[in-house]
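Hydrogens, waters and symmetry mates are skipped; everything else that's a heavy atom, side chains included, is used. In what follows, chains carry the letters A, B, and so on, assigned in the order in which the sequence lines appear, proteins first and then strands, with residues in each chain numbered from 1.
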Amino acid sequence: MTTVTRTPDQKLPVSFYSGDTLGVARNLLGKFLVRKTAGGAMVGKIVETEAYHEVGDPSCHAHRGMTARNAVMFGPPGRLYVYFTYGMHYCMNIVTEKEGVAAAVLIRALEPVAGIPLMQKNRGPKAIEKNLANGPAKLCQALAITTAQNGHSLQSDDLYVSNGETVLDADVVTTTRIGISAGADLPWRFYLRGNPFVSKK
DNA sequence: ACTGCGATGTCCT
DNA sequence: GGACATCGCAGTT
């Protein structure tokens, strides 16, 4: 018999995030994002990511240098970069690369694993399980993440990424990013092949 | 199924 | 003043 061991409370170390952004984006697939709030704990498996980098990527918020909004991207790796967009939505990124290099991985979709009733409460009565976290703004709403968490360390106890499932290269699809115009040709989006919680096909 | 578009605040030119 | 790493609703095929 085969035993699958999961260690959902083992945080990924800062060194996991400090390297090449494309590699981090790929390797975040299958990991568990853990969020604890006053209402309870939630866990989602990361099933879709996108890489953003100040160098060679005109769609990166930091492409034209540091501003008040993107400053966290220039800081140390393993922290959260959360921004507000379209007048009503939040998106969360994980900062990568060494301090001084602005880069991050956008978390685009989660497969709900635990705390699903709380995610539904956060998302509102119209959300069903399939739609709880299959988009960057939806998952922030499900996990109660706003700009209040901008700069938040993933070594904290209320918001972190833990070891998850091993993902084979054969199960990773690499393609272009969604919802951007500049840099639309870069193959910097990664998702789990066939996973029903990916935001789009 | 698909397509178009309104909401709504902040950032940056 | 335009753009925006989005979402959900309304209308059509």
*Asks:* Between N70(A) and M73(A) (side chain of the first, backbone of the second, donor and acceptor by atom type, cut-off under 3.5 Å), is there such a pair?
*Replies:* no

*Asks:* Once side chain to side chain donor-acceptor pair (under 3.5 Å) is applied, do any residues pair with H61(A), and if so which ones, sequence neighbours excluded?
*Replies:*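 H61(A) satisfies side chain to side chain donor-acceptor pair (under 3.5 Å) with Y81(A) only.
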
*Asks:* Give me the one residue out of V47(A), I46(A), T49(A) that meets side chain to side chain contact (heavy atoms under 4.5 Å, CB included) with L192(A).
*Replies:*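 Checked V47(A), I46(A), T49(A) against L192(A); only one passes side chain to side chain contact (heavy atoms under 4.5 Å, CB included): V47(A).
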
*Asks:* Tell me whether the side-chain N/O atoms of K138(A) come closer than 4.0 Å to OP1 or OP2 in dG8(C).
*Replies:*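 K138(A) to dG8(C) OP1/OP2: side-chain N or O found under 4.0 Å.
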
*Asks:* Less than 4.0 angstrom between a side-chain N/O of S181(A) and OP1 or OP2 of dC4(C), yes or no?
*Replies:* yes

*Asks:* Considering only residues two or more places apart or on different chains, which pairs with a residue in residues 136-146 of chain A satisfy side chain to side chain donor-acceptor pair (under 3.5 Å)?
*Replies:* R123(A)-Q141(A), N134(A)-K138(A)

*Asks:* Hey, any chance Y52(A) and L29(A) share a hydrophobic cluster, counting ILVMFWY side chains that come within less than 4.5 Å of each other, even indirectly?
*Replies:* no

*Asks:* Does K45(A) make a cation-pi contact with F32(A), if we ask for NZ or CZ under 6.0 Å from the ring centre and within 45° of the axis?
*Replies:* no

*Asks:* Dot-bracket, DNA chain B: Watson-Crick or G-U, under 3.5 angstrom, [ ] crossing, | other strand?
*Replies:* |||||||.||||.

*Asks:* Which of residues 97-107 of chain A sit near DNA chain C, with a heavy atom under 4.0 Å from it?
*Replies:* L106(A)

*Asks:* Between P on dC4(C) and CD1 on I178(A), what's the gap in Å once rounded to a whole number?
*Replies:* 16 Å

*Asks:* So, are R35(A) and D158(A) salt-bridged, with charged N and O less than 4.0 Å apart?
*Replies:*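 Result for this pair is yes, salt bridge flagged.
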
*Asks:* Specify the separation, in whole Å, of atom NZ of K200(A) and atom P of dC2(B).
*Replies:*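 One finds 12 Å between P of dC2(B) and NZ of K200(A), rounded.
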
*Asks:* Quick one: do R108(A) and E50(A) make a salt bridge, cutoff under 4.0 Å?
*Replies:*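 Here R108(A) pairs with E50(A) in a salt bridge, since their nearest N and O are under 4.0 Å apart.
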
*Asks:* Quick check on the hydrophobic clustering: are L33(A) and Y83(A) connected, directly or via other members, by side-chain heavy-atom contacts under 4.5 Å?
*Replies:* no

*Asks:* Rounded to whole angstroms, how far apart are CG on L132(A) and P on dT6(C)?
*Replies:* 19 Å

*Asks:* Considering only atom P, compute the distance from dG2(C) to dG6(B) and round it to an integer number of Å.
*Replies:* 15 Å

*Asks:* Tell me the interatomic distance from N131(A), atom CG, to dT6(C), atom C1', rounded to whole angstroms.
*Replies:*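 Rounded to the whole Å, the gap is 14 Å.
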
*Asks:* Short question: side chain of N131(A), backbone of A127(A) - any donor-acceptor pair under 3.5 Å?
*Replies:* no

*Asks:* Under a 3.5 Å distance rule, please check whether E111(A) uses its side chain to pair with a backbone N or O of N195(A) as donor and acceptor.
*Replies:*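 No, E111(A) side chain to N195(A) backbone: no donor-acceptor pair under 3.5 Å.
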
*Asks:* Is it the case that one hydrophobic cluster holds both L154(A) and L12(A), taking links as side-chain heavy atoms less than 4.5 Å apart, direct or via other members?
*Replies:*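 Linked, L154(A) and L12(A) end up in one cluster.
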
*Asks:* Atom CZ of F190(A) to atom C1' of dA5(C): distance rounded to whole Å?
*Replies:* 15 Å

*Asks:* Where along nucleotides 4-13 of chain B does protein come under 4.0 Å, by heavy atom, of base (B) or sugar-phosphate alone (S), with - for untouched nucleotides?
*Replies:* ---BBBSSSS

*Asks:* With a 4.0 Å heavy-atom cut-off, tell me which residues in residues 118-130 of chain A come close to DNA chain B, sorted by residue number.
*Replies:* none

*Asks:* Tell me whether D57(A) contacts the main-chain N or O of E54(A) through its side chain, where contact means a donor paired with an acceptor under 3.5 Å.
*Replies:* no

